[in-house]
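Both counts, for ligands and for their atoms, begin at 1 and track the order of listing.
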Amino acid sequence: MLLNVQKIEKSFEKNTPVVKGVSFSVQENEIFALLGPSGCGKTTTLRMISGFERVDSGSVELAGETLSSGKTHIAPQKRGIGFVFQDYALFPHMTALDNVAFGLTSLPRYKRSVFAEEVLCRTGMGDHKDKSPAELSGGQQQRVALARAIAPEPKLVLLDEPFSNLDAMLRDSTRKEVRAILKKAGMSAVLVTHDQEEALSFADRIAVMNDGKIEQIGTPEEVYYQPKTRFVAQFLGRTNLFEAVVNDEGCIHTNLGCLRLNCKASGQVTCSIRPEHLTIERPNGALNGCSKGIIIGREFKGHDITYHVECNGERYIVHTDNRVLFEPDDEVVVKPLEPAVVLENA
Ligand code: ATP
């Protein structure tokens with residue numbers, strides 16, 4: 001394990017904690033994301049790892065060394081951690097090369113430029129080494145910022161909403177490039193983001209945060225397809241929620257018929273099914289306990305279509321591929337393709 005964060009807490013005002021006992025670990029060469037809505041405490045958590053903020057309690061260890069605890073606080077510049085900020089924070093009066101060379105204080109002066117140029121080449125910015133930040137696009141500045149962060153070969157890189165100032169197209173490609181650069185360099189990283197798609201596509205594992213706490217940690221597939229809580233199910237994308245009592249066969253009876261569950265459960269449960277785990281058909285033949293529904297809305301998105309279906313006064317969202325064609329007011333039945341996921345503490 002490279003980074004070990006144990007039960008860290010932080011209050012800025014007395015008795016109003018904004019980070020409430022957060023624990024997680026990051027492995028060597030792992031990209032980890034802290035994902036959550038604005039104000040949930042992600043940046044404060046990152047700032048406690050970086051040392052820009054002290055912990056009230058709990059501990060932060062990097063490669064076995066305690067960086068923060070009730071008694072210890074190592075200064076940010078002595079932690080062996082690189083940072084990439086939302087606004088890149090490049091020195092405006094310096095060239096890209098000088099920005100990267102600036103932090104290479106452990107190297108003799110004559111070697112700094114050579115090494116800085118090498119790292120700029122690795123991030124695809126070698127040809128722009130003599131330009132100032134004002135002469136670079138947002139995506140290029142971000143790659144210089146990354147080069148600056150990784151050049152001193154830190155054990156860990158922290159990225160705070162690093163792609164949010166880029167437009168949609170550039171964000172996508174920069175994200176892919178940055179991930180590839182980190183993986184090639186064999187570096188571990190912690191990304192803070194409120195963007196679900198970004199966390200799902202960029203990280204190896206994700207911690208979903210809500211109100212100062214982590215609700216779930218898992219791979220992108222786990223947190224998306226096996227959410228543990230109502231918050232995680234709803235924050236990671238659209239979903240259909242069902243509240244029902246588990247019957248003797250271990251299923252729940254709903255408007256969509258009897259739904260199988262992803263695990264053993266009993267009593268009253270709340271379950272989630274992602275829209276792409278439902279499909280719609282024309283109501284031919286026996287309905288087998290399903291209710292007929294009516295298409296009340298349709299969002300055509302090119303490669304797929306989202307349908308809104310009303311069934312016995314309940315609304316469901318169904319994603320289908322673009323060959324499943326229905327019109328508003330068409331009569332349909334909604335069928336599950338996968339078991340419903342039982343949520344904890346819902
Ligand atoms: P965002 O995505 O909007 O940056 P976040 O999840 O990163 O949100 P934080 O920036 O960690 O959230 O803030 C969590 C809470 O702590 C917020 O209510 C914020 O107002 C408060 N907070 C953060 N820094 C300070 C500070 N230096 N002094 C007082 N309150 C602070």
Write out the protein residues near ligand 1, meaning a non-hydrogen atom under 4.0 Å from one of its atoms, in order of chain and number.
->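 Protein residues near ligand 1 are Phe12, Val18, Pro37, Ser38, Gly39, Cys40, Gly41, Lys42, Thr43, Thr44, Glu161.
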
Tell me, please, which residues at least two apart from Phe91 pass ring-ring contact (aromatic ring centres under 6.0 Å, His included).
->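 Listed in chain order: Phe102.
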
Could you tabulate the donor-acceptor pairs under 3.5 Å formed by side-chain atoms of residues 106-120, not counting sequence neighbours?
from	atom 1	to	atom 2	distance (Å)
Arg112	NE	Leu104	O	3.1
Arg112	NE	Leu107	O	3.0
Arg112	NH2	Leu107	O	3.2

Apply side-chain contact (heavy atoms from CB on, under 4.5 Å) to Ser164 and list each qualifying residue two or more places apart in sequence or on a separate chain.
->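 Scan of Ser164 (side-chain contact (heavy atoms from CB on, under 4.5 Å), adjacent residues dropped) gives Gln86, Glu161.
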
So, Arg47 and Asp160, do they make that salt bridge, N to O below 4.0 Å?
->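 No, Arg47 and Asp160 are not salt-bridged.
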
Is any side-chain N of the basic residue among Arg323 and Asp304 closer than 4.0 Å to the acidic one's carboxylate O?
->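 Looking at Asp304 together with Arg323, the answer is no, because their closest N to O distance does not fall below 4.0 Å.
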
Close side-chain approach of Tyr307 and Thr320, heavy atoms under 4.5 Å =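 Tyr307 reaches Thr320 side chain to side chain.
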
